[in-house]
Every structure is written in structure tokens, then in C-alpha cells.
2 protein chains.
Amino acid sequence: MRLPKKERQRLIKKAFSDDPFITDEEMAKRCGVSIQTIRLDRMELGIPELRERIKHMAENNFDRVRSLALEEVIGEVIDIQLDHSGISIFEIKKEHVFARNRIARGHYLFAQANSLAVAIVDAEVALTASAGIRFVRPVRLGEKCIAYAQVFNKQSSRLQINVQTKVNGEIVFQGVFDVYRAEEDGWVK
Amino acid sequence: MRLPKKERQRLIKKAFSDDPFITDEEMAKRCGVSIQTIRLDRMELGIPELRERIKHMAENNFDRVRSLALEEVIGEVIDIQLDHSGISIFEIKKEHVFARNRIARGHYLFAQANSLAVAIVDAEVALTASAGIRFVRPVRLGEKCIAYAQVFNKQSSRLQINVQTKVNGEIVFQGVFDVYRAEEDGWVK
DNA sequence: CCATATATTAATACCAAGTCCTAAAACAGT
DNA sequence: ACTGTTTTAGGACTTGGTATTAATATATGG
């Protein structure tokens with residue numbers, strides 16, 4: 001027994017967690033111990049076999065990639081009256097917060113509001129020209145943000161949209177977006 | 001022969017590409033054809049076996065997750081003078097543009113500027129209170145955005161930062177961010 | 001020092017989801 | 001009817017395991 005069981009298991013746990021692609025055989029060599037010992041350790045530590053580990057990774061990221069690819073809009077738009085108003089919901093997940101204090105990064109709230117504002121505009125393509133925004137209070141991990149957008153000034157190709165985002169009825173973000181309809185492939189109309 | 005070979009292979013290709021977790025057996029059932037036929041098709045189409053598909057997915061995303069986790073900041077900060085100024089670079093990739101016209105979504109430009117503004121502040125945690133921004137001209141797929149941030153008003157816990165983003169020297173985005181230093185776990189200082 | 005744990009290794013049977021190879025059917029076109 | 005493509009079928013072998021049983025080390029308490 002080179003190193004005590006506990007020590008070895010700590011090592012194994014770490015090794016598998018920062019490289020899940022190691023086979024038991026390889027791990028056995030690394031620890032200078034038989035394959036069976038590694039298997040036993042995995043059992044005790046509740047670490048699944050190679051294929052399962054890989055599969056889980058792939059599955060997790062598959063969803064991630066999916067939702068990212070689908071994410072033409074950040075937040076789920078649940079209601080739209082074109083050129084008039086709209087509502088979207090966005091839940092703050094781990095990937096949206098500062099690891100430090102679990103407060104949402106501002107740009108996600110902005111992205112939700114911006115996406116909604118752009119979605120409301122009845123045009124092939126809409127772009128934001130400018131915006132004024134306020135982060136009223138920090139939003140925390142797990143909170144559900146509901147953004148309400150309302151057009152309050154409508155010209156032929158330019159819309160002004162007010163967006164308020166609330167968590168449990170409490171305003172957390174407020175912004176005014178100046179959005180314009182754009183041509184198929186380019187610049188201002 | 002239910003459907004012609006070509007047709008079936010088209011189907012198989014699509015099926016595997018939008019759900020890589022299907023076994024040959026399952027696919028065989030779906031196509032009403034034997035397992036061997038599916039294997040032959042896979043050979044011809046150059047589609048690897050289930051485990052390899054899954055492994056590749058996991059491997060690809062392994063790196064991606066890593067770099068994403070590191071992405072505390074959107075865009076690469078290349079220079080920082082705390083409480084004074086900073087520069088970051090951000091290249092517009094496929095995932096940042098509207099599929100339609102390859103113009104960058106506004107919130108990525110915002111995110112770059114916001115991240116930079118927050119990074120400049122010399123504090124455990126900094127949060128954005130408000131911002132006024134202008135998207136001066138649309139930014140296209142492949143363009144390199146260089147954001148220059150400059151603090152122009154500094155109070156004890158509140159900083160005003162001007163951010164200008166340029167592509168080839170041309171201004172594409174401009175914003176003023178009002179950022180404050182926050183306590184470890186929470187609300188305003 | 002011996003008995004009893006605990007830890008480690010070995011050995012075997014079995015599984016999933018394949019590969020690789022050979023060979024027999026099925027069917028189509030001419 | 002003959003040839004060529006397509007489809008099936010079957011068996012041997014591979015990886016990276018699980019599950020189980022049994023033997024052997026090593027340690028620990030009395």
C-alpha cells in the first residue's frame with residue numbers, strides 16, 4: 001500500500017473530476033494499484049464508469065448548446081403584440097451570475113430587455129440604436145425576471161420602447177430602447 | 001424497400017445530427033430496416049459509432065465549458081488601469097449575430113462594454129447601476145471590436161465610465177456606465 | 001501471537017454497442 | 001436468365017465496463 005486508502009481516494013476523485021476521460025486501467029497504473037481496487041473506490045465514491053461520465057458530459061452540454069443555439073432571444077417571450085407590447089421571462093441560472101456573490105451580471109438583464117424590444121418590432125430585421133437603462137436592484141441566482149415592454153413612441157421606422165423587469169412584482173431593471181427597422185442586409189432605413 | 005436508399009441515408013444523417021444519442025438498433029427500427037443496413041449506411045456516410053459520437057461531443061464541449069467558465073468577462077481584457085481605464089477585444093463570431101443578416105446582437109456589444117467597465121473598478125465586487133448607450137453602426141460577423149474605457153468621474157463608491165468601441169478605428173458603440181462598488185454579499189455600499 | 005477486520009487482488013461470467021469479415025438472399029435492370 | 005446492387009444474417013473479436021465469488025495481504029485489538 002503506497003499511500004493510504006483515503007489519500008488515494010481523494011486523488012482519484014480529483015483526477016476523475018478534472019479529466020473524466022480516464023479509464024480504470026489508466027487510473028490503476030497511476031495509483032500503482034490493481035484495477036479492481038479502482039473499481040471498488042469508484043463504487044464507494046459513487047463515481048460512474050467512463051462511458052456514463054462521458055455521456056453525462058455530452059448530455060449536459062447538448063442541452064446547453066441547444067438552448068444557446070435557439071437563443072435568438074435571451075429569455076422566453078411569452079406574449080407579443082407587434083409594434084405594441086410584449087412580455088418575456090428569464091430565470092437567472094449559475095451561468096448568469098458572478099461566482100463571487102451570485103448576483104446576475106448586468107448584461108443578461110440588458111440582453112433580455114433588448115431581445116424583447118427587438119422582437120416586438122414588426123420588421124424583417126430590427127436593430128437597437130440607443131438605450132438608457134437602470135439596474136434598480138441586484139438580481140440573484142434563481143430569481144425569475146419578467147420583462148414588460150411597451151411601445152410609447154412610434155414613427156415609421158423608429159420605435160421607442162420602455163421595458164420594466166420585475167422579480168416578484170418588484171422592479172429590478174428599467175430601460176428605454178430606441179429601435180429601428182432595418183433593411184434586409186444592412187444599414188438604416 | 002420502403003424508401004429508396006438515398007432518401008433513407010438523408011434521413012439517417014439528419015437524425016444522427018440532431019440527436020447523436022441514437023443506437024443503430026433504434027435507428028434500424030425507425031427506418032424499418034436491419035441493423036446491418038444502418039451500419040453500412042453509417043460507413044458510407046462516415047458517421048462514427050454512438051460512443052465515438054458521444055465522446056466527441058463531450059470533448060468539444062469540455063474545452064468550451066472551460067473557456068466559458070473562465071469568461072467572467074465577455075471579450076478579452078488586454079489592459080487595465082484600475083479605477084482609471086481599460087481596453088478589451090472581442091471578435092464577433094457566428095453565435096453573436098442574427099442568422100438573418102449577420103449583424104451582431106446589441107447585447108454582445110453591451111456585454112463587452114459592461115464587462116470592461118465592471119472590471120476596471122477596484123473593488124471586491126462592482127455592479128452597474130445605470131447606463132446610457134448608443135449603437136453607432138451595426139457590427140458584422142468577423143469584425144474585431146476594441147472597447148476603450150475611461151473613468152471620467154470618480155467618487156468613493158461610484159464611478160462613471162465612458163466606453164467607446166471601435167472596429168478598424170471607426171466608432172460602432174458608445175456608452176456611459178455608472179458603476180458602484182458593492183459589499184461582499186449584496187446591496188449598495 | 002493469534003484472531004478478526006479491512007483492504008486488495010484475482011478470476012469468472014456477462015453486457016452493450018459496436019467492428020470486421022464472410023456469405024447468403026432479395027431485388028432491379030437489361 | 002444473368003449480373004449488379006442492396007439488404008440481411010451470422011460469427012468472431014473488442015472495450016470498458018458490472019456483478020459476484022473467492023483467495024490473499026495487511027493491519028489492528030486483545
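These numbers come from the heavy atoms of this one structure, side chains and all, not from hydrogens, waters or symmetry mates. A, B, ... follow the sequence lines: proteins, then strands. Residue 1 opens every chain.
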Atom pairs under 3.5 Å: protein N/O with N/O of nucleotides 23-25 of chain C:
none

Task: With Lys13(B) via salt bridge (charged side-chain N to carboxylate O under 4.0 Å, His left out) - residues at least two apart - done: none
Open item on the list: Using the salt bridge (charged side-chain N to carboxylate O under 4.0 Å, His left out) criterion, which residues pair with Asp83(B)? Sequence neighbours excluded.
Closed with: Arg181(B)
For atom [atom1] of [X] and atom [atom2] of [N], their distance in whole Å:
{"X": "Arg53(B)", "N": "dG18(C)", "atom1": "CZ", "atom2": "C1'", "result": "11 Å"}
{"X": "Ile47(A)", "N": "dG16(D)", "atom1": "CD1", "atom2": "C1'", "result": "16 Å"}
{"X": "Arg42(A)", "N": "dA19(D)", "atom1": "CZ", "atom2": "C1'", "result": "13 Å"}
{"X": "His56(A)", "N": "dG17(D)", "atom1": "NE2", "atom2": "P", "result": "15 Å"}
{"X": "Ile38(B)", "N": "dA9(D)", "atom1": "CD1", "atom2": "P", "result": "13 Å"}
{"X": "Glu44(B)", "N": "dT7(D)", "atom1": "CD", "atom2": "C1'", "result": "11 Å"}
{"X": "Lys55(A)", "N": "dG16(D)", "atom1": "NZ", "atom2": "C1'", "result": "15 Å"}
{"X": "Met43(A)", "N": "dT8(C)", "atom1": "CE", "atom2": "C1'", "result": "15 Å"}

Check side-chain hydrogen bond (donor to acceptor under 3.5 Å, both in side chains) between [X] and all other residues, then give those that pass, not counting sequence neighbours.
{"X": "Ser34(B)", "value": "Thr37(B)"}
{"X": "Glu170(A)", "value": "Arg137(A)"}
{"X": "Asp41(A)", "value": "Arg8(A), Gln9(A)"}

Contacts under 3.5 Å, N or O only, protein and nucleotides 15-17 of chain C:
{"residue": "dA16(C)", "atom": "N3", "partner": "Arg51(B)", "partner atom": "NH2", "Å": "2.9"}
{"residue": "dA17(C)", "atom": "O4'", "partner": "Arg51(B)", "partner atom": "NH2", "Å": "3.2"}
{"residue": "dA17(C)", "atom": "N3", "partner": "Arg51(B)", "partner atom": "NH1", "Å": "2.8"}
{"residue": "dA17(C)", "atom": "N3", "partner": "Arg51(B)", "partner atom": "NH2", "Å": "3.3"}

Open item on the list: Taking salt bridge (Lys or Arg N to Asp or Glu O under 4.0 Å) as the cut-off, I'd like each qualifying pair that reaches into residues 108-121 of chain A, sequence neighbours left out, listed once.
Closed with: none
Open item on the list: Can you confirm if the NZ or CZ of Lys55(B) lies within 45° of the ring axis of Phe21(A) and under 6.0 Å from the centre of its six-membered ring?
Closed with: no
- [ ] Return no unless some side-chain N or O of Ser34(A) is found under 4.0 Å from OP1 or OP2 of dT8(C).
- [x] no
Task: Contact under 4.0 Å: Arg8(B) side-chain N or O vs dT7(D) OP1/OP2 - done: yes
Can you list everything that forms a ring-ring contact (aromatic ring centres under 6.0 Å, His included) with [X]? Sequence neighbours excluded, please.
{"X": "Phe16(B)", "value": "none"}
{"X": "Phe173(B)", "value": "Phe135(B)"}
{"X": "Phe110(A)", "value": "Phe177(A), Phe110(B)"}

Please list, pair by pair, any protein nitrogen or oxygen found under 3.5 Å from a nitrogen or oxygen in nucleotides 20-25 of chain D.
none

Open item on the list: Do Ile161(B) and Leu82(B) sit in one hydrophobic cluster, given that two such residues count as connected whenever their side-chain heavy atoms are within less than 4.5 Å of each other, even indirectly?
Closed with: yes
- [ ] Check every strand shown and say whether Leu40(A) touches a base, only sugar-phosphate, or nothing at a heavy-atom separation below 4.0 Å.
- [x] base
